[in-house]
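Worksheet for the structure shown next.
None of the values given here were measured: they were computed from a predicted structure.
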Amino acid sequence: MTIVAFAEKNKAAEEIANILGKGNYKRTSVEGIAVYRFQRDGKDWAVTGLAGHIMNYDFPAEYNSWTGVPPGDLLDISPIKLVTKENFAFVIERLAKEAEEIILACDYDREGENIGFEAKELAERIAKVPIKRARYSTFSQKEIEEAFDNPGEPDAALAMAAETRQILDLKMGAAFTRYVTLSVREKAFTKEILSIGPCQTPTCGFVYEREKAIREFKPKDFWKITADFDADGNIFTGTHRAGHIPEKEKADEIMARIKGEKTALVDKKTIREQSLAPPFPLNTTEFLKRASAFLNISPEKSLEIAEQLYLSGLTSYPRTETNKYADDFDFKVILADLAKNKDYTTAVSQIVSAPAGIKSKNGPKDAKDHPPIHPIKGASKETVEAMIKLPGAYVVYDLICRHFLANLMPAAVFEKTKLEMKIKEELFDAAGSIKKFSGWLDIYDFETKNDKFLPDISEGDTTGVKKILNTASKTAPPKKLTEAELLTLMDKNGIGTKATAPTHIETNKKRGYFEAKGKTLSILNTGYMLMESLDDSVPIVIRPKIRAQVEELIQQVEDGKITMNEAVSTGTELIKKMYADLTENKDKLVTKLSGSIKTEAAETDKKNYIGVCPACQNALRIVTTDNGRFVGCVGYPDCSQTYSLPKTGAITVQRTKNCPKGGAAVLDVGKKYEWAVGIGPCFNCDQNVTCNPPEVVGSCPRCKEGEMQLIEYKDGRFLKCTLSCGHTQSLPNKGRMTVLDQKCEICGWNLFRVKEQGKDALEFCANRRCKAIGMRKEKTE
DNA sequence: GCAAGGTC
C-alpha cells in the first residue's frame, strides 16, 4: 500500500518527491505522466503532478444547439462537470487503487483546493481511503516536511467557492454570448462570435471608457507665459506662477505689467536631494507591465516567453503575486552565476561588495505562492537564443536579470533645484535636476531620466530677461490607454488573475473589439458599438462591478456563510436580471452592431466604399440595382441616408481627394469629369477652379489678358484662352506631353516636353507666335 | 461554437 499525493503540476510533484525522499526518488511514467516514487519512514510514496484543472463545467449535450435552445434557458439549468484531461483521470484512478491514504498537495489557494477536489472526486469513485490536505507555500525542506507530517482536512468551502465561480461564469458567458451573437446574425451576415464574459467585457470596458473620453473631449484654450532668463550667457526658461491661464485678458494683463523688462531677480533658490529607490521585485503583473512598456511585447507573448525561460531553468516560475523575497532567499549563488554575462559583471560585483551586505528592496505583497520572478542562471544572449526560439526571448530574460540586479542596488540620488524668479512683481518658476548618483539606474536603463541644468546663481542675483512669451494653447485630450495601464486597471479592480489577464486582453483582440498598435490600445468599431449598447442597456456588465459582485458571493461561500447552491441561485438571479435588461434593448443592440459589422465588410470592398455616413457613422457605399445606382448607408433600413449618382459612365472613387464643399467623396465619371457625392458634377461647382486649377502655359498672344490653358480630351489636346477672346492653338497630338517649369527665354511660355515611344524626348516652346518657334531642342534620355 | 481558471 502506498501514500499517494497529488500536486498541481509536475514541477511541484518532483520538488516534493525530492524533499520527502531526501533526494532519493524514482521517476516512473503512467500514460506519459510522471509519477515519482520513493520511500519515507518505511512507507511507499507516489507523488504525481496534475496540469491545473483536469475537469471543466459544461452544459449537458442537449443544450449544445445555439439555435435550438433559447439562450436564456441556459440560466435555468445546471451545468455538469466533466473530465477534460482523460490521461490524468486515468493516473488518479490507477494510483487510488494502491493508495492507503491520499494527500491533496496542490497550490495553497482557492483554485488549488478545487483542483485537489477534482482528484478527490475521481479517486473516491475507486477507493474509500482517507483523503488529507498538505498545505505549504514554499518548497523549503522544513515547510514541506511539516505539511506532509501533519496534513489537515480538505477545505470543502474553499473548493466550492471556486466551483461557484465556474458555474456562474459559464452561465453568464454562454447565455450572453449566444444571445448577442444570434441577435446580430439576424440582421448581418457574420461567422464571428460576439462574446461577453465577466472578465473580458469589463476589460474591454476600460478601453472603451478611455476612447469615449477622447472622443468626447472638448479642448479648452489656455495661455501660458514663459520667460527666458540670461545668467551670463546661460539661458534658462521659467514659467509664470499662474501656470495655465484660462482667460486671455488675464494673460494679457500680466504681459502688460512686465512688457519690455530687461532684468529679473533670483527671489528664492532651493536645492534638495531626492532619492529614487529601485523597483520592487517582479511579480507577474509588474513583469507584464514592464515588458509592454519597455520592450513593446504584449502580455500574452511575455508570459509565453517567461514560461519557456522557466522551463529551460533560466528564470523562476512566472506566475506569482509576491513581490517580496523570503528571509532566507539565497542571492549569492544566483549573483555569482549572473556574472557570467559580461553585461552584468559590474553590477554583480557592486552588489556583493556592498559593506552592508546584500539587501533587497522588498515590496509589500506576500501571497505565499512563489518567490518574485528572478533569474536562476546567468546566460549569454547566444545561449538564451539557442535555448528558446521565440522572438524577444533574450530581451525578456535581460529585463528579468536587470530588474533582479537593480532591486539589490542602492537608490539613485538626484539634486533638484528650484528657482523662483521675479520680473517686477511677477513670479516665474524654473526647475533643474541633476543625477548625483546613478545607483540602480546603472543597470536599469529602460527609463532615461535626462539631466536638466540650471546656471549656478544665488538668491539676490539679477539676471537678464531675453524674452517673454505669451503662448496660446489648447488642453490636450487624454492619451490612448496603454497595455501596461490596462493591466494596472485589471489588477486594481480584480479582473482576472495574474495568469489570466493576458488571456482576457487577447480574447478581446481576437474578437475584434480592440487592437494594439505598439504599446497603445485602440478600440475597434465593433468593440465600441458593443460597449456602447451594453452601456445603454446593462451598464453593469461593462464595469468591474459585475466581477466584484460575483466575487463577493464566492467569498461568502469560502467563509462558510452560505452554501454553494445558495450562492449559485443568488448569482443566477443577478444574471437573469441583467439578461432581461439586455433582451429588452435588443433593437438598439442589433442596430448598432449589425451596422458596425456591415461597415467593416463595406470598408474592405474598396471599389464601392465611399466613406462615413454623416447620419449614423456607419459606412456609405455604392449600391447597384436593376434600376440604376446610388450611394446608400449600410445601416439601411435603420438609416435611410442616400445620394444620387450620374446615370452613365464608369465610376472610380478617388481616395486622395476631399471635396471642400463637404461631398462624401469625389468620383471620376468615365474619363470625362468629376462628381462629388451629395454635391453633383464638379464642373458646375463654384469651387471647381480651386479644386482643378487649369494648367496654363503662358499669356494669350491675342487678347494679352487671358492665359492659354491646356485642354486635354479623349481624342487630342489644344490650347485655349481662359478669357472669352476665343483664341485657340493646336498642339502635336502624338506622344506623352508634360508642361515643364522651365520658361521660354523669348516669349515666357512654359516649355513643353514630348516623348514619343522609341524616339528621343523633345523640349520646345509651343507658342506659334514666338520667335523661338522651330527651335526645338533635342533631349536624350 | 459560449466563460474563466489552472498549466504546457
What does A:Arg165 touch in the nucleic acid at a heavy-atom separation under 4.0 angstrom: a base, only the sugar-phosphate, or nothing? base
Once you apply a heavy-atom cut-off of 4.0 Å, does A:Glu8 come out as touching a base, just sugar-phosphate, or nothing? sugar-phosphate
Counting only heavy atoms not in A:Glu192, do more than 12 sit closer than 6.0 Å to its CD atom? no
From the candidates B:dC2, B:dT7, B:dG6, the one with an atom nearest any side-chain atom of A:Thr500 is B:dG6
Name the nucleic acid region contacted by A:Tyr317, choosing base, sugar-phosphate or nothing; use a 4.0 angstrom heavy-atom cut-off, strictly under. sugar-phosphate
DNA chain B: A:Asp58 or A:Ala501, which has the more 5' nearest nucleotide? A:Asp58
Touch check for A:Tyr57, heavy atoms < 4.0 angstrom, all strands: base, sugar-phosphate only, or nothing? base
Report the nucleotide, chosen from B:dC8, B:dT7, B:dC2, that has the shortest atom-to-atom distance to any side-chain atom of A:Leu311. B:dC8
The side chain of A:Ile115 is closest to which nucleotide in this list: B:dC2, B:dA4, B:dG6? B:dG6
Just to be sure I understand the rule, does A:Asp107 reach a base, reach only the sugar-phosphate, or reach nothing, if contact means heavy atoms closer than 4.0 Å? sugar-phosphate
Examine A:Lys365 relative to A:Phe280 and say whether NZ or CZ is less than 6.0 Å from the centre of the six-membered ring and inside a 45° cone about the ring axis. no
Checking contacts here: which listed nucleotide (B:dC8, B:dA3, B:dT7) is nearest the side-chain heavy atoms of A:Asn10? B:dC8
CG of A:Leu74 versus C1' of B:dG1: gap in Å, rounded? 13 Å
Are any of A:Arg511's side-chain N or O atoms less than 4.0 Å away from OP1 or OP2 of B:dA3? yes
Counting side-chain heavy atoms from CB outward, which of B:dC8, B:dA4, B:dC2 is closest to A:Arg547? B:dA4
What's the closest nucleotide to the A:Arg178 side chain, out of B:dA3, B:dC2, B:dC8? B:dC2
Whole-Å distance, A:Ile554 CD1 to B:dA3 P, equals 17 Å
Closest to side chain of A:Arg185, choosing from B:dG5, B:dC2, B:dG1: B:dG1
Quick one: sort the A:Tyr310 and A:Tyr317 rings into parallel, tilted or perpendicular, breaks at 30° and 60°. perpendicular
With a non-hydrogen cut-off below 4.0 angstrom, is A:Gly49 in contact with a base, only sugar-phosphate, or nothing? nothing
Touch check for A:Ile196, heavy atoms < 4.0 angstrom, all strands: base, sugar-phosphate only, or nothing? sugar-phosphate
For B:dA3 and A:Ser195 - does any side-chain N or O of the residue sit under 4.0 Å from the phosphate oxygens OP1/OP2? yes
Using atom OH of A:Tyr63 as one end and atom C1' of B:dA3 as the other, report the distance to the nearest whole Å. 19 Å
Measure up the A:Phe329 and A:His374 rings against each other and bin them: parallel (under 30°), tilted (30 to 60°), perpendicular (over 60°). perpendicular
Nearest to side-chain heavy atoms of A:Cys199, which nucleotide of B:dG6, B:dC2, B:dA4: B:dA4
OP1 or OP2 of B:dG5 versus the side-chain N and O atoms of A:His504: is any pair under 4.0 Å? yes
If you find the nucleotide of DNA chain B closest to A:Leu182 and the one closest to A:Gln200, which residue's nucleotide is nearer the 5' end? A:Leu182
In terms of relative ring orientation, are A:Phe176 and A:Tyr579 parallel, tilted or perpendicular, with 30° and 60° separating the classes? perpendicular
Using OP1 and OP2 only, check whether a side-chain N or O of A:Arg319 sits under 4.0 Å from B:dT7. yes
Separation of atom CD1 in A:Ile54 from atom C1' in B:dA4, rounded to whole Å: 17 Å
Looking at B:dT7, B:dG5, B:dA3, which one has an atom nearest to any side-chain atom of A:Ala499? B:dT7
Any side-chain N or O of A:Thr497 under 4.0 Å from OP1/OP2 of B:dG6? yes
Using side-chain hydrogen bond (donor to acceptor under 3.5 Å, both in side chains) as the criterion, point out the one residue from A:Glu163, A:Gln166, A:Lys81 that pairs with A:Tyr57. A:Glu163
